[in-house]
Each structure stands twice: as structure tokens, then as C-alpha cells.
Amino acid sequence: MSSDIFDHRQIEPKWQETWKKAHFFEVQPEKGRPKYYILEMFPYPSGTIHMGHVRNYTIGDVMARYKALRGFNVMHPMGWDAFGLPAENAAIKNKTHPAKWTYSNIAYMKRQFERMGWLFDWRREAATCSADYYKWEQLFFIKMYEKGLAYRKLSTVNWCPSCNTVLANEQVEAGRCWRCENEVTTKELVQWFLKVTAYAEELLEGCDKLTGWPERVKAMQKHWIGKSEGAEILFEVADGPKRGTKIPVFTTRPDTVCGVSFMSLAPEHPLTLELAQGTSQEAKVAEFVEKVRKVDKIKRTDENYEKEGVFVGAHVLNPVTGGKLPVYAANFVLMEYGSGAVMAVPAHDVRDHAFAKKYGLPIQEVIHSETPHPSVQEQAFTEQGCLVNSAQFSGLSSEEAKQKIPHWLQEKGLGKPTVNYKLRDWGISRQRYWGAPIPMIHCAKCGTVPVPEKDLPVILPEDVEFTGEGASPLAKSEKFLNVPCPKCAGPGQRETDTMDTFMESSWYYLRFCSIPSAERPFVAEDVKYWCPIDQYIGGIEHATMHLLYFRFYHRVLQDLGWLPKDISREPAEKLLNQGIVYKDGAKMSKSKGNIVDPDALIQRYGADTTRLFVLFAAPPEKVLEWSDAGVEGSYRFLGRVWRMFQGNLSLIQDVQPYSAAHSDLNHVDAKKVRTKTHQTIQKVTADLEQDFRFNTAISAIMELVNEIYGFKVELSDQVGRQVLRESIESVVRLLNPFAPHLTEELWQALGNTTLLSKEKWVDHDPSAVELDVITIVVQVNGKLRANLMLSKHVDKDALAQIAAKDPKVQGHLEGKEIIRTVVVPGKLVNFVVK
RNA sequence: GCCGGGGUGGCGGAAUUGGUAGACGCACAGGACUUAAAAUCCUGGGUUCCGAAAGGGACGUACCGGUUCGAUUCCGGUCCUCGGCACCA
């Protein structure tokens, strides 16, 4: 065993087996012991783990192990986000069944998890594609429907006219279908939505209370929710068959209402085609709508994208001035924001200005700038100012008008003050097979009827074909599709849409609180004990979608009575968003061919080296740039620890760690090593307690190892051997969460029969970390001129005097006048000279 | 485009509250060990100028400007780059 190099192939499987037998993290609620629920975002079982997983779960494993060493009752569960598009794509390509593909991936990835030394309470394992899991989701959906939180409306999907099928954004490559390469267009379908907007205000306010969440994530969520105050204003159609219809617009600038010179409608707006019907513009409008359908939304909202529009052949009336305004369909107006209709004020909005210039529409100034500004004919004035040309409102300030105009409109029934959010309701319908069926039945007589609770789960049929063409596979299964209506027993048809997979990931943390069972989604008592999640860890790419949806879902379940009333409204107390793993300057991905295979790393260097490298190479929240040489370095460090240990074993195996007072230690070298040891314990502990600073924690351990290498002890030096034992044992203990296999092995070699991973974390000796002599920096005009080694007891005035006498400093003071002396005790002296 | 990050030696990064810029590691160079190589152990190093050397000067944290005795850190602006943008998860 005292070979020069450690054999991870022998060591790692041995300890993995031992941990398994020790039932690590198989916890239950325990009164009187602090709990710690640590959760990493569960993986999509795509086949094999990738470096993003390695990073994510290593961070989680280290923290779980550390908190366990600190005495917490640690719950560390794992499961599989098992529904989703890739399984279906694989089914289409390889003619396998998504279930078969998914479950075999899960089995393989689970073995990889074990080989990385990640410890979980596998009794809590759940796969979201099992009926035991999605049954509850179907039930939650029905409860939401009954409360009015789930509803149907028309919405747009990507459509491939040649495959006759709906495409996910990912299946659209540069505007073309991934399978047949035909041009993709859009189509309106009736789909299911959840009313996230009903919780917009609460989700927004909640952001400020999430003190354990990164500021950047909260900022993104706030902007995503996008609250803005303004007014809804109604414009009445003035001509044509739709005459008298009131079109609502949302505006944040009701003060500019008198300057409206036209109305812009989203091309997808139902009225766009209706208004044009029967007019000479009808063909042109239809052509324009078709054209815009093919352009993606990001492009359409680009400020530099060419603004285009077409007159729809109808007019509306300005509710304040009564002026007759043309209606345009415009490519920069989106159906999703506000009402899909915009009152255009060219004088005071950049986009409207460009549009008016292009189509020769009037530009009427209604807000006058108090500071010089070019004519609004030349450039839009978008700031606030004083109202002009605004009938009875002229003379008001923008601020006053923003209050008065909406109220005046409200009195006339022509509008109202309102709050608008960018946040849109959550579209959960997917025209796909591999997802949880939406438990609804459509009946010609009774309408849409929920599947009765006793008939849940609505199970995915297995006898379906995956072609990637035509309607969803579920719509092609006669047996699935045709069922009697639960209300009238007449002929009914099942809903064939399945749910967005974010539905599953919105409540899995609750499922994990109890051992999964087909009998209930979770046990409320368990949820009460374990929730909220103390530490949630996952990729930054989830900042606005998953991390907002699960905050919403948690509140909904609480309001529906599934969760105890007296637990937090927030699912997760603290959040860490780890950065992405790069290689050769780009995100690792199969398509770019810059993948590193974790299996090969484990085989060659072992799990401990792999773990150490991903933690050491970068702070967890930042991008990690992959480096094969860096992996080699981590491997070398563990070898160095091994050799340090083996080389000193004969000196330390028969002595106890030093335990007398630090001040009694007279041995100069030993004292230095002991100080370094306790400084390291203090530093590593602080790094783990505060902000997951694994990289600096590992650096500190490396420094200690370097120090121990320089510490030479004779066999006869009993005290020196005790200090050496204390230092080496500290390295082993501190390194344990990072490199658990190797350190268990060393712990055993020290003669211990316990598991190091179940020991207590050590605390530093405060008397050992303090130095008597400290370095004082001397600056002249802020530039470093000398370092002084002084007792920490030297006072301020003495410090300045000693500093001024230093020969190096004097050289820079000569012939100059000291106009100021800044002394920072314990740190520096700065002479300001002229 | 919009929202949110990031930019420090040859490279990954460190500097905890505005106080020694470059810890630790990689790569590189030199030395020890070895018949030799690998491995290992030890040592060195931001750039530039002066000096034989010891040593010393100037510059330096993307760029421009500001605040301050002192700025990688705070403020204003610019450039580059990455993540998200609602059907990948």
C-alpha cells in the first residue's frame, strides 16, 4: 500500500461500496437537529452525463458532505426529468420507444453518478415519466382548472407545412424544418395556459425577499415580469363592417394620446384580417400577414430591423380628439405584449417615428421639451415634458397628464388606468407524445370536461408510431382518443396535447420530501419539515423560466391546499447558479465536437481528480474553461498528498495530534507549520460556509501541503511528530468533501476504523492563527516603497515615525514636504508629499 | 434588439470592507536524482528601462474619463464577449 502512486481504480470502487452499505443520506425528519435540504436541478436523461452535470453534482455533493460533517440532518435526493423532446427525436430517428430509450439512459447515468462518488438518498428517486409521478401533476392541473388557473386560448406555434406538424423552436434551424428543410411558418392553435400573470405581483415582490438568491437572477426575473404602469385606452372602429368595435391598446404614455396619428396592429391580431375583409387592401394585408409569420420574434423586435406595415383599409377614432386614424398592420408589434395593438405617436416614440416617416403619416407634437430639442419632424422626443396641442389637457406636465387622462377616459368609459406585465401566461400544451397527457375530455354536448379523479392517471398509450409527421402521436391512437364523456357518457375525445416538461420540474422537490408512493404526491408533514430547500444549485440558463415557474407552482399548490399554510411561500431559500463548461472557447456540445467524456476521465484519473479539477479551475458561478493539463495538475496534487502521507507515516502513526496550548510550542518550524495548519482550517471553513469558494479552499490546502513538504522532523522529536500528525490529519480531513475516496483510504491508514465521511469537521485553534509580527506597507504618494516587519502592538504614531525613518522611504521623502500622513493600523502608512 | 453577466501575466484564476496586483495551479526555464528518459523533489519568473551584479526606476487589471492620500474594487461613457428571450432542458 505504500507505493509511490495511489491506485484510484482499486480505492474508489471499494469506498463507493462501503458508503452504499453505510446508507449515506438515508435520512428522515429528526426533531432537535438542524435540517439541510440540498438539491441540484435533476438531469434530463439524455444518455450519458456531461461536464455540466459533473460540475453541478460535484458542487452539490461537496456541500452535502460538508454539511453532514457539520452535524446537519442532510437530505440529498436525486431523480430524473425524464419527459421531453430528445426521447421523441431519438424514437423518430432510431425506431425505438421513448420509454425504452429513457429508462436505459437512466440506468446508465445512475451508474455514472455512483462512479463519481456522489451520494444521494436513492430511496427518494423519482422519474417524472412514470405514471406514479405524472398522475399527481394531472390532478394538480385539474384542480387549477377548477380554480380558473388553467384555461384555453388561441396561440401561435411553429408549423412545418410539409411534415404537417408542430415544431419546437429547437427543431427550427435558420427558419427551416430540421427534418425536411422546408421553410417553417406559424399557425394558430387552441392551447392550454396557466395563469402565471395572476401571481405576477407576488412573484415580483417576492424577489426582494430572496436574500439568498444571486442579484443577477432576481434582476432578470424582475425584468422578465416587466411591470409597467399606464393606461388601457379604447379606440372605436370608424368604418366598415366592424364599425363600433372597440380595440383596446395598452400604453405607458397616456399623456401622448392626442398625438396619435395611426394605430398599429400585430399581424397575428384577429382584427387585422377582419378589418381588411371586403376592402381593397384585403389581398395586400393577407400577403403581409403571411410574410411576417415566417420571421422570428427576436428579429422582429430588433430596433434595427426594417419596420414595415400595411394599411388594413379601416380607421379608428381617437377617444380624446375624435380624430379619424388609419389602422396599420405592423411587423414590430407582437400579439404577446399588451393587447397586440399600439397607439402610434410618431412625435414621441422612435419606432412610430420611423414608421410614420416611411409611410408619410402625420407627426404631431403633443409633448414639448423644456430643454432644447430638434423638431419632432426630425427626431422623436421621448422624454417627459409639457403637454401642447392636447385640447383641455394642454399645459399639464407629462406626470400630471399620466394621472388625469386615464381617469378622464374611465369616466367616459373609454379606458382606464392599468398595470401591464411583460410576463405572459404559461403555455403548457405540447403537440407531442413524450409528456404527461393533459387530463381533459372534449364533448360536443358538455364542452371540456376534466377526467374524474378516480380515473387518473391518464396513461400514455404504448401502441403508437413515431414518424415526426402529421398530428401528435396521441391523436393517432384510436383507443386513447375516443372515450365516453364523464358527464353525459356520450361520445368524447381526449385532449391529445401533453404538458410542458417544466410542469414536472416545478414540483419534484416536493416529491423528494417523502419516499415516493403511488398513493399520494408527498406527505404534508414531510414537506413541512424539509421545505424550503436550503440550497438549490443549477445552471444560470434557468434564471427566468424554470426558476420562475417553480416559484409560481409552489404558491399555487399552497393556495390549493396541498402544502401547509405555514411554510414559506418560496420553494428555495438559497440559490447557486453554476456557470457553463467551455472547451476551446465555446459551450461543450455534441454538435461542436468539443465534448470531454467523464467516463474516460474517471477511468484514467479517477473521480477524486475529476471532482477536484472542476472545483479548482474556476469559481462555481463562472464559466469553466476546460483544460486537460489542468486535470493532470489536480491528479498530480493528489499524488503529492499521497506521497506526503506515505513518506511521513512512520513518523506519525504512533503519536497523537498535538493538543497542548499553542503558546507552549517553542519549536520554531513546528510553530510555523501549526499556524499554517490552523489558518488553513479557518480559511477552508470560511470558504465553504460563505460563498462556495471551492477554488480558493483547494488552493489553501495546496499551500498547507507545500508547507508540510518543507517541514523536516526527526524521529526523536516527539513534539514535532505531534504537530506533523496534526497537520497531515488536517489535510486529510479538509480534503475529504472534495476527494472523499482517497481521504477515506488515508484515514484508514492512520489506524481509524470509522468512516471519515461520518466524522465531525474540525475547528481551528484561534490562538494558533494569530501572528505576533505583521507586515506594514509604506507608500509615498500611494506607491509602494517599503515593507516593515513589526509587532502588531506598535501604535499609530510610532508606526508613522518608524516608517519615515526607513532608508528606502527616506530616499523618496528627501527634499519634499510631507503634506499628509495616512496611517491604517495593521496595514499601511502612506506619506503624501509635494 | 431587449434583459442579465463577464473582460486581471503565455493560460485557468487570487486579491473577504477602497489599502503590497498576480496567491494557488497549468505551461515554460534552470537545478537535483538517474547510465538515460519518465516520474519525483527544489528554484525562478507581469512588461520594460538602467546596472556586471546586488539593486533601482517607469508602466501595468479591455478602452476613455472622473472621485480619492490611495481604484482590479466606486461613478460616467465606449468596445468586445457570453447566457436568456417564453416549444431544448
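Reminder, nothing fancy here: chain letters follow the sequence lines and each chain counts from 1. Model, not experiment: these values are computed from the prediction.
- For the 3.5 Å distance criterion, the side chains of Asn89(A) and Gln171(A) qualify, holding a donor opposite an acceptor.
- For rG57(B), one of the phosphate oxygens OP1 or OP2 lies less than 4.0 angstrom from a side-chain nitrogen or oxygen of His812(A).
- Nearest nucleotide to the Asn169(A) side chain, out of rG83(B), rG12(B), rA86(B): rA86(B).
- Across all strands shown, rC79(B) pairs with rG7(B); the Watson-Crick or G-U wobble distances both stay below 3.5 Å.
- Here, rG6(B) and rA54(B) have their P atoms 42 Å apart, quoted to the whole Å.
- Residues Glu88(A) and Trp434(A) come closest through the heavy atom pair OE1-N, 2.8 Å.
- Rounding to whole angstrom units, CG of residue Asp296(A) and C1' of rA86(B) are separated by 13 Å.
- Distance check on atom C1': rG76(B) versus rA71(B) gives 15 Å, rounded to whole Å.
- Taking atom CD on Glu625(A) and atom P on rC82(B), their separation rounds to 12 Å, with Å as the unit.
- Using a 4.0 Å heavy-atom criterion, one finds that Val623(A) contacts the sugar-phosphate atoms exclusively.
- Between Arg785(A) and rG57(B) there is a side-chain N or O to OP1 or OP2 distance below 4.0 Å.
- Using a 4.0 Å cut-off between charged nitrogen and carboxylate oxygen, Arg300(A) and Glu308(A) do not count as a salt-bridge pair.
- Distance CG (Leu638(A)) to C1' (rA39(B)): 16 Å, rounded to an integer number of Å.
- rG1(B) atom C1' lies 9 Å from atom NZ of Lys307(A), rounded to whole Å.
- The distance between atom NZ of Lys218(A) and atom P of rG5(B), rounded to the nearest whole Å, is 12 Å.
- Between the side chains of Asn787(A) and Thr775(A), not a single donor N or O lies within less than 3.5 Å of an accepting N or O.
- Taken to the nearest 0.5 Å, the OH atom of Tyr134(A) stands 5.5 Å off from the CZ atom of Phe83(A).
- The side chain of Arg636(A) places an N or O atom within less than 4.0 Å of a non-bridging phosphate oxygen (OP1 or OP2) of rC26(B).
- Between Leu548(A) atom CG and rC3(B) atom P there is a gap of 18 Å when expressed in whole angstrom units.
- Atom CD of Glu541(A) and atom C1' of rG83(B) are 8 Å apart (whole Å).
- Counting only heavy atoms from C-beta on, Asn830(A) has its side chain closest to rG19(B) among rG19(B), rC24(B), rC85(B).
- Looking at Glu495(A) and Trp192(A), their side chains do bring a donor and an acceptor atom within 3.5 Å of each other.
- Contact annotation for Glu215(A): no contact, since no heavy-atom pair falls under 4.0 Å across all strands.
- The side chain of Phe616(A) lies closest to rG12(B), out of rG12(B), rC69(B), rA89(B).
- Pair assignment for rG22(B): none, as no Watson-Crick or G-U wobble contacts are both less than 3.5 Å.
- Between rG13(B), rA23(B), rC85(B), one nucleotide has an atom nearer to the side chain of Ala618(A) than all others, and that is rG13(B).
- Counting non-hydrogen atoms under 4.0 angstrom, Ile701(A) reaches nothing in the nucleic acid.
- Using a 4.0 Å heavy-atom criterion, one finds that Glu88(A) contacts no nucleic acid atom at all.
- The shortest distance between the side-chain N/O atoms of Tyr709(A) and the OP1/OP2 oxygens of rC41(B) is below 4.0 Å.
- Here the nucleotide nearest the side chain of Lys622(A), chosen from rA86(B), rG6(B), rA15(B), is rG6(B).
- Nearest heavy-atom pair across Val196(A) and Asp425(A) is N-OD1, 3.1 Å.
- Within the nucleic acid shown, Arg430(A) comes within 4.0 Å of at least one base atom, counting heavy atoms only.
- In this structure, of rC24(B), rA27(B), rG13(B), it is rC24(B) that holds the atom nearest to the side chain of Glu703(A).
- Applying the 4.0 Å criterion to OP1 and OP2 of rG4(B), one finds that His223(A) has a side-chain N or O inside that range.
- Distance noted for atom P between rA21(B) and rC75(B): 22 Å (whole Å).
- The Tyr582(A) side chain lies nearest to rC82(B) when the options are rA14(B), rC82(B), rC85(B).
- Note on Arg424(A): every side-chain N or O is 4.0 Å or more away from OP1 and OP2 of rA86(B).
- Residues meeting the ring pair (Phe, Tyr, Trp, His ring centres under 6.0 Å) test with Phe502(A), sequence neighbours left out: Tyr549(A).
- The pairing partner recorded for rA58(B) is rU47(B), the criterion being a Watson-Crick or G-U wobble arrangement whose two distances lie under 3.5 angstrom.
- Base contact: Val777(A) has a heavy atom under 4.0 Å from a base atom.
- At least one side-chain nitrogen or oxygen of Arg643(A) sits closer than 4.0 Å to the OP1 or OP2 atom of rC41(B).
- When heavy atoms are screened at a 4.0 angstrom cut-off, Lys834(A) is found touching no nucleic acid atom at all.
- Here rU16(B) is the nucleotide among rC69(B), rU16(B), rG83(B) with the atom lying nearest to any side-chain atom of Arg693(A).
- Nucleotide rA86(B) is matched to nothing when pairs are restricted to Watson-Crick or G-U wobble geometry with both distances under 3.5 angstrom.
- Side-chain atoms of Ser699(A) lie closest to rC24(B) of the nucleotides rA15(B), rG7(B), rC24(B).
- Spacing between rC64(B) and rA14(B) at atom P, rounded to whole Å, works out to 25 Å.
- OP1 and OP2 of rG5(B) both lie 4.0 Å or more from every side-chain N or O belonging to Asn577(A).
- Side-chain contact check for Ser155(A) and Gln191(A): at least one donor-acceptor pair (N or O, by modelled atom type) lies under 3.5 Å.
- In this structure, CZ of Phe552(A) is placed 19 Å from P of rA86(B), rounded to the nearest angstrom.
- Nucleic acid contact class of Thr501(A) (heavy atoms, under 4.0 Å, all strands): sugar-phosphate only.
- Taking each heavy atom of Ser730(A) and Ile681(A) in turn, the nearest pair found is OG-CD1, 3.8 Å.
- Using a 4.0 Å heavy-atom cutoff across all strands shown, Trp426(A) reaches no nucleic acid atom at all.
- Phosphate proximity of rC59(B) to Lys783(A): present, with a side-chain N or O under 4.0 Å from OP1 or OP2.
- Contacts of His546(A) with the nucleic acid, taken as non-hydrogen atoms under 4.0 Å apart, are absent.
- When the C1' atom is used for both rG70(B) and rU20(B), the distance is 12 Å, rounded to whole Å.
- Taking the P atom of each, rA27(B) and rC11(B) are spaced 15 Å apart, rounded to whole Å.
- Contact between the side-chain N/O atoms of Asn781(A) and the OP1/OP2 oxygens of rG70(B) is not found at any separation under 4.0 Å.
- Nucleic acid contact for Asp691(A): none, since no nucleic acid atom lies under 4.0 Å from a heavy atom of the residue.
- Phosphate contact (OP1/OP2 of rC41(B), side-chain N/O of Arg640(A), threshold under 4.0 Å): present.
- The side chain of Ala219(A) sits closest to rG4(B) out of rG25(B), rA86(B), rG4(B).
- Nucleic acid contact for Leu828(A): base, since at least one base atom lies under 4.0 Å from a heavy atom of the residue.
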